[in-house]
Colleague: 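Before I ask anything, here is the structure I am working with.
Because the structure is predicted, anything quoted here is derived from the model rather than measured. The chains referred to below are lettered A, B, ... by the order of the sequence lines, with proteins before strands, and numbering in each begins at 1.
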Amino acid sequence: MRLSQLFTKTSKTIPAGETARNAQLLIQAGFIHKEMAGVYSYLPLGKRVLDNIADIVRKEIGGIGAVEVQLSVLQPKEIWEKTGRWNDEVVDNWFKTQLKNGTEVGMSLTNEEPLANTLSDFVNSYKDLPTYIYQIQNKFRNELRAKSGLMRGREFLMKDLYSFCRTQAEHDTFYERAADAYMKIYAQLGIGDITYRTYASGGIFSKFSDEFQTLSHVGEDTVYIHEGRRLGVNREVFTDGVLAELNLNRDELVEKRAVEVGNIFSLGTKYADALDVYFTDEEGRKQSIVMGCYGLGISRLMGLLAEHFADERGLVWPEAVAPAKVYLARLGNGPDTVKQADELYNRLTDAGVLVLYDDRDMRAGEKFADADLIGIPYRVVISDKTVAAGVYELKERRQSEPRQLGSDELVKALGIPG
RNA sequence: CGGGGAGUGGCGCAGUCCGGUAGCGCACCGCGUUUGGGACGCGGGGGUCGCAGGUUCAAAUCCUGUCUCCCCGACCA
């Protein structure tokens, strides 16, 4: 992507009306635009980060046998009435609206009911199960108070996975595989070492649910971490009884603030039963389906990563999610300089490397400041000086001093084949 | 929803207490000089001061209502 063709700009000033560091940085660097409290649009750079996170999620969730769908955002109230969740006193953060004829509809905040209902068209036999279905979809929750930038929005991007199993044992096996996949995802995002599987309240279906909590000073949750066992206990279930049950000693736990980056639940048979979705077993008997649901906030993760991977000059994206791998800054307009910069841009692009090519007619300081703010992992400078000296200049975002490299060394340093 | 703070060119702010018809920095446009860490000079364009009422000869400024944003708390399938 050539920056001369990118409509967004960075700003020298931190936006007023945002105190959350993630929102300040992402707005200042032009990744997102605030539409209203808790609602953000994703601009070209932000969209890339979001897609990169989503792709990592797709790979891991697909890897445990789930298939992707795209469910509707508008949902009929009848389905939700079957499980009692249309009632505002049961679920108080619905966005509801009406069709022209007065029919009420809700906007997707989760999808157990519509997906189970959809499945009833296809699942009849034990041979049809188990099945695992997920999607990456915007969710709408009418939060009383949105806050902390991308961390708690009213519209946000979430991966939601649902499992449909024949027995509790079959469910339990998949549940653990899902938990493992979650930890793989966090590891690839660079937060594996500060993310803990955490016991949390399970609702009415099971004693506990499992949250995935990433330690952060901006976290909304208080958790108690056992480093040796790599697990946490959410304050909401932090009682002597629970500790005894989990064989945990208060003295070994450390209180921390954390961000909930995932939450997985065992749902039992309640939803499928309520929606009249059953299967016939080997003996010809009607059986209930055991469900599980598995949420993971994509946009919240983007906010968390922005918050966590940043310094005083701006964002410092992990390579796995960065909007580009290389920031190519061209300094000067000498014909040889332009030619060499264009050539490197094309070569990297052809090799499948995403490059932000700063081909704008601006001063070096501005380009360097933008490169730092946007937080691309590698910065390559091509200037009249480097061309004359026959070298390329490479600097990693995390480092302060650049290196002078020859063409082959540069390609090697960037990990490009050939 | 309770408490606190804030809405003034695209962005960040001053002006409000003490009413007199809006200013600064950045950004933007033109010319010139610059050119490796956010350059400089000169000249420009752009704002019914969130909105609606009210008081007054006169309102960004005073009064009332209302909307929005931020923070703390509560809440959070």
Side-chain angles (χ1 to χ4, degrees), chain A residues 7-20 23-24 27-30 33-40 80 83-95 106 108-113 139-149 151-154 156 158 160 162 200-205 209 211 218 220-221 234 236 259-260 262-267 270-271 291-295 297 300 313-314 329-334 337 358 360-374 379-389 393 395 400-402 404:
Chain A
F7 71 87
T8 58
K9 290 180 186 172
T10 60
S11 169
K12 281 189 192 175
T13 51
I14 294 170
E18 292 281 7
T19 50
Q24 290 180 341
I27 291 172
Q28 197 183 348
H33 175 258
K34 183 184 203 139
E35 290 299 333
M36 60 180 101
V39 179
Y40 296 86
W80 293 85
T83 58
R85 292 211 290 178
W86 184 257
N87 190 328
D88 286 338
E89 289 176 14
V90 177
V91 177
D92 67 0
N93 56 1
W94 270 109
F95 274 106
S108 173
L109 41 56
T110 182
N111 293 273
E112 288 83 2
E113 283 84 345
K139 300 297 184 299
F140 300 83
R141 294 188 186 177
N142 204 344
E143 301 283 351
L144 223 43
R145 180 184 163 209
K147 60 175 181 174
S148 306
M151 311 288 267
R152 177 171 290 276
R154 296 197 168 95
F156 55 94
M158 175 173 151
D160 45 327
Y162 305 87
S201 61
I204 57 175
F205 310 107
S209 70
E211 288 177 344
V218 295
E220 295 183 298
D221 289 354
N234 194 305
E236 64 194 20
V259 175
E260 181 194 324
N263 196 184
I264 64 179
F265 293 84
S266 293
L267 299 178
K270 172 182 165 156
Y271 287 124
M291 279 181 69
C293 71
Y294 315 77
R300 173 179 284 183
R313 291 183 315 206
R330 189 189 76 205
L331 307 183
N333 290 313
T337 303
D358 195 344
R360 299 173 298 178
D361 185 19
M362 291 179 7
R363 301 170 71 84
E366 293 180 86
K367 295 195 176 194
F368 295 158
D370 275 354
D372 288 341
L373 178 59
I374 293 170
R379 187 189 80 191
V380 175
V381 172
I382 293 180
S383 67
D384 297 343
K385 288 180 190 173
T386 63
V387 171
E393 180 183 297
K395 186 182 91 64
S400 54
E401 292 305 314
Q404 311 287 332

Colleague: Need one value for A/Lys395: base, sugar-phosphate or nothing, where a base atom within 4.0 Å counts as base even if backbone is also close, heavy atoms only.
Modeller: base
Colleague: By nearest atom, which of the nucleotides B/C70, B/A39, B/A27 is closest to the A/Lys9 side chain?
Modeller: B/A27
Colleague: Can A/Asp160 and A/Thr110 be counted as having a side-chain donor-acceptor contact under 3.5 angstrom?
Modeller: no
Colleague: Consider the side chain of A/Glu366, meaning its heavy atoms from C-beta on, and name the nucleotide among B/A74, B/A39, B/C13 that approaches it most closely.
Modeller: B/A39
Colleague: If you check the A/Ala16 side chain, which of B/C69, B/A77, B/C13 turns out closest?
Modeller: B/C13
Colleague: Going by side chain to side chain contact (heavy atoms under 4.5 Å, CB included), name the residues that satisfy it together with A/Thr13, two or more places apart in sequence or in a different chain.
Modeller: A/Ser11
Colleague: So A/Thr110, base contact, sugar-phosphate only, or nothing? Heavy-atom distance under 4.0 Å.
Modeller: nothing
Colleague: So which nucleotide does B/A27 pair with, by the Watson-Crick or G-U wobble rule with both distances under 3.5 Å?
Modeller: none
Colleague: Can you tell me the pairing partner of B/G73 across any strand shown, Watson-Crick or G-U wobble, with both distances under 3.5 angstrom?
Modeller: B/C1
Colleague: Just call it for A/Leu109: base, sugar-phosphate, or nothing, with non-hydrogen atoms closer than 4.0 Å on any strand.
Modeller: nothing
Colleague: If you look at every strand shown and take non-hydrogen atoms under 4.0 Å, does A/Ser400 touch a base, only sugar-phosphate, or nothing?
Modeller: nothing
Colleague: Go through B/A27, B/C75, B/U34 for me and flag the one nearest to the A/Asp92 side chain.
Modeller: B/C75
Colleague: Heavy atoms from C-beta onward define the side chain here; which of B/C72, B/C28, B/G38 lies closest to that of A/Lys12?
Modeller: B/G38
Colleague: So what's B/A60 paired with, Watson-Crick or G-U wobble, going by both distances under 3.5 Å?
Modeller: none
Colleague: Sort out the partner of B/G32 for me: Watson-Crick or G-U wobble, both distances under 3.5 Å, none otherwise.
Modeller: B/C40
Colleague: Of the listed nucleotides (B/C69, B/C11, B/G37), which one gets closest to any side-chain atom of A/Asp372?
Modeller: B/G37
Colleague: Picking from B/C13, B/A74, B/C70, which would you name as closest to the side chain of A/Arg145?
Modeller: B/A74
Colleague: Considering only distance and modelled atom types, tabulate donor-acceptor pairs under 3.5 Å from the side chains of residues 142-149 of chain A, sequence neighbours left out.
Modeller:
| residue | atom | partner | partner atom | Å |
| --- | --- | --- | --- | --- |
| A/Glu143 | OE1 | A/Arg152 | NH1 | 3.2 |
| A/Glu143 | OE2 | A/Arg152 | NH1 | 3.2 |
| A/Lys147 | NZ | A/Glu220 | OE2 | 3.3 |

Colleague: Which part of the nucleic acid, if any, lies within contact of A/Glu393, taking any heavy atom under 4.0 Å across all strands shown: a base, the sugar-phosphate backbone alone, or nothing?
Modeller: base
Colleague: Name the closest nucleotide to the A/Glu112 side chain, picking from B/A77, B/G38, B/C11.
Modeller: B/A77
Colleague: Any idea how A/Trp80 and A/Trp94 line up, ring-wise: parallel (<30°), tilted (30 to 60°), or perpendicular (>60°)?
Modeller: perpendicular
Colleague: Choose from B/A77, B/C1, B/C71 the nucleotide whose nearest atom is closest to any side-chain atom of A/Leu144.
Modeller: B/C1
Colleague: Which residue lies toward the 5' end of RNA chain B, A/Arg141 or A/Lys34, if each is placed at its nearest nucleotide?
Modeller: A/Lys34
Colleague: May I ask you to say what A/Val90 touches in the nucleic acid, namely base, sugar-phosphate or nothing, with a heavy-atom cut-off under 4.0 Å?
Modeller: nothing
Colleague: Tell me what A/Arg330 touches on the nucleic acid: a base, only sugar-phosphate, or nothing, going by heavy atoms under 4.0 Å.
Modeller: nothing
Colleague: Reading RNA chain B from 5' onward, which residue's closest nucleotide shows up sooner: A/Asn263 or A/Met36?
Modeller: A/Met36
